Amino acid sequence: MFGFRRGSVRSRRDAPEASINTPVNWRRLFGYLRPYRGRMALAIGALTVASLLGLSFPLVIMQLLDSVLNQQDQRQLNLFAVALVGIFFLQATFTFFQSYNLNYVGERIILDLRTVLYRHLQTLSLDFYANRRIGEILSRLSSDVTQVRSLLTNNITTLLSSLLSLIGSVVIVFLLNSRLVGFVLVLALVIVGIAVGFGRYFQKFSTAVQDALADATVAAEEGLQGVRVVKSFAREEYEVGRYNAAMEQTLAAALRLALFRSAFGGLMAFLGFSAIAAILWYSGREVIEGRLEFATISGFLIYAIAIATSLGQLSGLYGQFRQALGSVQRVFEILHTHPTVADLPGAKELPTIEGAITFDAISFGYESNLAVIKQISLAIQPGEIVALVGPSGAGKSTLFNLIPRFYDPTAGRVLIDGFDVRTVTQQSLRAQIGLVPQETILFGGTIRENIAYGRLDASEAEIIAAAQAANAHDFILETPRGYETVVGERGVKLSGGQRQRLAIARAILKDPRILLLDEATSSLDSESEELVQEALNRLMQGRTSVIIAHRLSTVKIAHRIIVLDHGEIVEQGAHDELMARNGLYAHLYNLQFRASDNVRLAEVNI
Ligand code: ATP
């Protein structure tokens, strides 16, 4: 209906593909088992006993049948029947220990791996996120991690139990009738050869499913996160179509996998059961020729089934292993990514600063050949309020992001009180910088927790003082549970102005020497605007403030306005000076600030 073609979703994705060639560090992978080696040993021990018991019961059945067919001994029959129940009981008990311990280890590994992965994700620099979709990362954190867990636990134990059962059955068949074992082994080798030949396709097909699923998750994540935009453009059906197109691709990939798996499973079952028929035929011949007891055939049959089942499991396992390998690579690709901005070895703590910021001939480009900031030199004094203005794409946000070292310049230095930001720890640098972003992000917690995000050890009185200074205290008290009211997705909804004031309270509580403020572009009603502006003025007092300005009131209180264009400073000075020059600033003022000011004036008049 929407004309989505195959690959339409993928083409929107600018994220690099999960590299299937990421080398798997086996030591590191199996390192996740190390803390639980005791439990794992217990599980493997229990599994070995359960498998050996499984191997013993056909022997008992043979004895049981022998007591009926040949000896017709009631007492022996009773004894063997009780022995069988005893064996099954013990087998069930050991299987319980094996299963519980295995799941215990599996769940712990999921926790460990997700924690390690999430911690690593938190250390990665912003450029990593600029190139990826969150949905794609989340799918690695959830479904791929589960696959890795299976590889480390269930797959290993299935491998062991199948091998034990296979080797044990072959050995017993050999002891009972050595001629038969050669026959069984030839059959086994043929089946294993076919299984291995097919196995490598599993990884290819299942990686395609995981990739398609990640694309669908991305589509859903975008459609849900941007639900306001979706609704405002009445594009619900379009989004459903986009998600559906991605899911269709997932379906196609999943069906290809299912087709392959079913054909493979069918072939394996056919080969396995044909092998049983062949064994029956062969052992029947042995009975006819008087080389084998009839009762032994039942034992052979059960061992033959055990051999076929083990072979089936082993071949399935090979497929699962190849499938899990794709997931391991997707997880390790993230773990092998190093943050582009990292503390230098021996980086020092930044001492308490005055707040001087110097850009020393800095250049920067997101792509190496495309300079976004060109040779900018600028000194900002402690306590100075600087407004950055310029047309869209001029490089304001980029320049701003170099101060807390979200990115490193490609040339030149950023100095804070004379310290090159690359020589100090990111933690100590960012601890002294307050950032108020354009869009206030509130976390799903109480209002108190959201303000305390600025300083986790703040006292109740400090939190309230910060809220008061941010003009937030009064509206907080009006919410159902005051400071304990839950906000965020599942909590009370706050207005744009209220959210901004919470963000300001957060920054006030942090009490940084340097304030970076990306002014919200969305206009508030004039009363809310005034409350926000008042709170901001309090926040800026006595701090070095760099503001990406969108309001006339801000540019007017700024000590200096820096006008950027195409990554260069083209003008700087106070509002009146720049207006008198009649250059880019005056042009922007007429276009942007005065227009927005008129809007606000109009609101007042209404
Ligand atoms: P606006 O006022 O529209 O926010 P700005 O002045 O803040 O614009 P920047 O966001 O600094 O401009 O962008 C400067 C240039 O860098 C633009 O050409 C933009 O396309 C490019 N750019 C910004 N972020 C990235 C990124 N993560 N990767 C690649 N290029 C980027």
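As the structure is a prediction and not an experimental result, all values here were calculated from the model. Every number for a ligand or one of its atoms is a count from 1 in the order of the listing. All values below were derived from every heavy atom in this structure, side-chain atoms included, with hydrogens, water molecules and symmetry-related copies excluded.
Any N or O atom pair closer than 3.5 Å counts here, and Tyr407 shares no such pair with ligand 1. Backbone and side-chain nitrogen or oxygen atoms of Ala394 are examined, and one is located within less than 3.5 angstrom of a nitrogen or oxygen of ligand 1. Below 3.5 Å of separation, one finds no N or O of Glu367 facing any N or O of ligand 1. Checking only distances, Gly395 does come within under 3.5 Å of ligand 1, N or O to N or O.
Put simply, atom 22 (N) of ligand 1 has protein non-hydrogen atoms near it, under 4.0 Å away. There is no protein heavy atom less than 4.0 angstrom from atom 19 (C) of ligand 1.
How far CG of Leu539 is from NZ of Lys510: 11.5 Å, rounded to the nearest 0.5 Å.
Under 4.0 Å from ligand 1, heavy atoms of Ser392 appear from its side chain as well as its backbone.
Atom 30 (N) of ligand 1 has its closest protein heavy atom at Tyr366 CD1, 3.3 Å. Nearest protein heavy-atom contact of atom 2 (O) of ligand 1 is Lys396 NZ, 2.8 Å. In terms of protein heavy-atom proximity, atom 8 (O) of ligand 1 is nearest to Gly393 N, 2.9 Å. Considering only non-hydrogen protein atoms, atom 4 (O) of ligand 1 sits nearest to Ser397 OG, 3.8 Å.
In this structure a side-chain-to-backbone donor-acceptor pair under 3.5 Å is present from Thr410 to Ser363. Distance alone, capped at 3.5 Å, places no donor-acceptor pair between the Asp343 side chain and the Thr425 backbone.
With sequence neighbours excluded, the residues that form a salt bridge (charged side-chain N to carboxylate O under 4.0 Å, His left out) with Glu384 are Arg560. Under the side chain to side chain contact (heavy atoms under 4.5 Å, CB included) criterion, Thr123 pairs with His120, Pro339, not counting sequence neighbours.
Using a cutoff of 4.0 Å between basic side-chain nitrogens and carboxylate oxygens, Glu354 and Arg513 are not scored as salt-bridged.
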